[in-house]
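Counting starts at 1 for both ligands and their atoms, in listed order.
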Amino acid sequence: MAERKNFFDTRVEFLKGIGPQKAVILNKELNIFTYGDLIQYYPFRYEDRTRFYAIEEVTDSMPHVQVKGRLKFWEMVGEGHKSRLVAYLTDGTGEMELVWFQGAHWLSKSLKRDLDYVVFGKPSSFMGKPNIAHPELEPLDGENAKGGYLQPVYNLTEKLRRKFLDSKTLGKMLRQLLDIALPHVRETLPADLLAQHRLLSKPEALLHVHFPKDQAWLHAAIGRLKFEELFYNQLKLIKQKLLRRVDYAGQVFKTIPTLNTFYKEHLTFDLTNAQKRVIREIYADVTSGKQMNRLLQGDVGSGKTIVAFITMLMATDNGAQACLMAPTEILTDQHYTGLREYADVLGIGIAKLTGSTKTKQRRAIAEQLLNGELKIVVGTHALLEENVQFNNLGLCVIDEQHRFGVAQRAKLWNKNPDVYPHILVMTATPIPRTLAMTLYGDLDVSVIDELPAGRKPIKTVHRYDSHRQRVFGFMKEEIQKGRQVYVVYPLIEESEKVDFKYLTDGYESIVRAFPEYYISIVHGRMKSGDKEYEMQRFQRRETQIMVATTVIEVGVNVPNASVMVVESAERFGLAQLHQLRGRVGRGAEQSYCILMTDYKLGKESRARIETLVRTNDGFEIADADLNLRGPGDLAGTQQSGVLDLLIADLAKDGDILKTAREAAQKMLEEDPDLSSLKNTPVYEHIQSLRKEESNWARIS
Ligand code: ADP
Ligand code: MG
């Protein structure tokens, strides 16, 4: 075993054909130090060399083709910087032009007349005749004449290429390495898993990921490696969760008299089935005797707040206190106003604590929290401060969690030194399920996937800037019906002068176009008091149009607002646009979202806009977002190491993730210590991964 381990730790300079100089470049450019690193440097695509095409078959819709033929003749064409080398290749079925703009002179000297060549490249056509610009060209020999393989292409840097380290040389190194390495490769998955999921063995997978015989082998090799990666990823997360389960006790909130009264006498609407299901999940948690750590996902307007309040009643009914933390003053205000209505009729003490709470009041709140008089507190980060101490904090609700880090969550935990409070994290940014499983492997996830009955889906349209007058006309009609309108400008960087001018110009043109109405403006450069004042005016319907930046993005609730106009919508991300759209559609009226863009649009921007026009479903949008941008860009994912995946892609491998997770779960249920004989490969692989991690920790 020790011998095997050492083999993959061998430094690459000891591989035949690499040597110290090339090794240094591989170290620097690709982070490849050892045999193990090199073998795991997987190709990022493959060129299909499985067959040769006849020239007459070649069309310009083919991504790449391989042909073989004879060079009859070549010539320099054109003058000056337009000059190029054109060579004519024939294979008996037709003629093809090969064109070089660079290195033409040098190349023309090395070509050989009447020699057979293998040619590979992206075909296009000119006047019905096929041609390939800058093709790969090799004299036909015993090796390349056979075809029948997929050629690996590796991600390389310019520096590597300048040192003649291209995909081909790297491929040769890997051939060398695989020849000697395969006998040392250990299987990392137990035999029953391999059989059940029809997975290739590890040596087979490594061989065929670099040198696949055909598409089927390639698919099987990649599938096996992805499964392995996700399996170990999930095994780790589930293990952590099981450990936590054992470690932390939680308060039991069994009796719920006030909550029952609330249901019977004060709740003015029927909960949706999704809300009921989530409440049952939460109740099961808080009566289990263990600490709850639950993520509650629900699209904008799905009714998360009431679920939070009901959970708070579970706490207060059992002599515990609850807090709700929100990321901004405006949101805190809104939650406080909403919750106080309910709390007041039930006679439950509630207070608000933010950065702008006066010292005297702050002291009073702190005192009442400590002696237990105050049952519920709603606040911003101010809640985290040292001097905010509770009599018996039993529940923390965190709204819009992307803005709070793990460290802050931990601070809340410690507000009850005897028993950690239950934690409910709410987010309106739907995270694709595959990602949630991986990102929040340490949280249980509940989803409200249903909107309250009677909501009309928001109608979303895309309009070009040239239609602005028509859009103004529509806004006018809606305002005449008594509705209110948001107009949002991108001010991604609040300090950006250009954006700021764009916002103020926009505001002025709206003021000119709507002389008979009152117009609010809110942006990040304003003092928070002024912002709040403007928001409140809009909320009280004293103004009809709210011109704003994304400061109004999260959580703000003005049910009478029915139109959301987003200027330069192409500059926003999908998730952000969906959040913005969620500001309307909160009342009984039909609501509209109008996405304004320039006539010229990039492909990705167009895809984003089309997705929003097509669907209102936050989860579908989150999936599309993941596909368009990749998981690394999603909020909050960068810091979490769980996304350092070598080969699996969370955007595309949801199915494999699901199977791998289930397999990991089952294994840990049956064999929590991985001590059974059949799971030995897993146990040993984890040991070696640990060792690797600690090695890295020492290095970096
Ligand atoms: P979000 O999930 O975006 O935080 P809110 O909790 O703010 O949504 O709820 C949006 C609105 O829907 C609120 O006015 C709330 O009172 C209302 N609401 C919540 N649940 C229901 C329901 N089951 N039926 C009708 N209205 C509901
Ligand atoms: Mg909310």
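Note: an N/O pair closer than 3.5 Å links Gly301 and ligand 1 by distance alone. Between Ile306 and ligand 1, no pair of N/O atoms sits closer than 3.5 Å.
Of the candidates Lys304, Gln579, Arg455, Gln334, it is Arg455 that places a heavy atom closest to atom 10 (C) of ligand 1. For atom 26 (N) of ligand 1, the nearest non-hydrogen atom from the set Ala308, Pro452, Gly585 comes from Pro452.
Taking the six-membered ring for Trp, Phe514 and Phe472 have ring centres closer than 6.0 Å.
A side-chain donor from one of His578 and Asp299 sits under 3.5 Å from a side-chain acceptor of the other. Glu589 and Ser562 form no side-chain donor-acceptor contact under 3.5 Å, judged by distance and modelled atom types alone. With no hydrogens or angles considered, no side-chain donor-acceptor pair links His266 and Thr261 at under 3.5 Å.
Ring geometry for Tyr420 against Trp413 counts as tilted: the plane angle lies between 30° and 60°, on a 0 to 90° scale. Ring planes of Tyr486 and Phe538: tilted class, angle from 30 to 60°.
Listed for the Arg362 side chain is a donor-acceptor partner under 3.5 Å among the backbone atoms of Thr354.
Heavy-atom contacts of Asp270 reach the following atoms of ligand 1: 22 (C), 23 (N), 24 (N) (cutoff under 4.0 Å). Near Leu271, with a cut-off below 4.0 Å to any heavy atom, the atoms of ligand 1 are 23 (N). In summary, the atoms of ligand 1 found under 4.0 Å from a heavy atom of Gln275, numbered by their order in the structure, are 19 (C), 20 (N), 22 (C), 23 (N). Of all atoms in ligand 1, listed by their number and element, those nearer than 4.0 Å to a heavy atom of Thr272 are 23 (N). Near Arg586, meaning under 4.0 Å from one of its heavy atoms, ligand 1 places the atoms 3 (O), 7 (O). Atoms of ligand 1 found under 4.0 Å from any heavy atom of Ser302 (numbered from 1 in listed order, with element): 2 (O), 8 (O).
Tyr502 pairs by the side chain to side chain contact (heavy atoms under 4.5 Å, CB included) definition with Tyr489, Pro490, Glu567, Ser568, not counting sequence neighbours.
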Quiz: residues 365-373 side-chain donor-acceptor pairs under 3.5 angstrom, not counting sequence neighbours:
| residue | atom | partner | partner atom | Å |
| --- | --- | --- | --- | --- |
| Asn371 | OD1 | Glu373 | N | 2.9 |
| Asn371 | ND2 | Glu373 | OE1 | 3.4 |

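Taking a 4.0 Å cut-off on heavy atoms, Asp299 registers as neighbouring ligand 1.
For Ile448, no heavy-atom contact with ligand 1 is shorter than 4.0 Å. Residue contacts with ligand 1, taken as heavy atom pairs separated by less than 4.0 Å, involve Thr305 via backbone and side-chain atoms alike.
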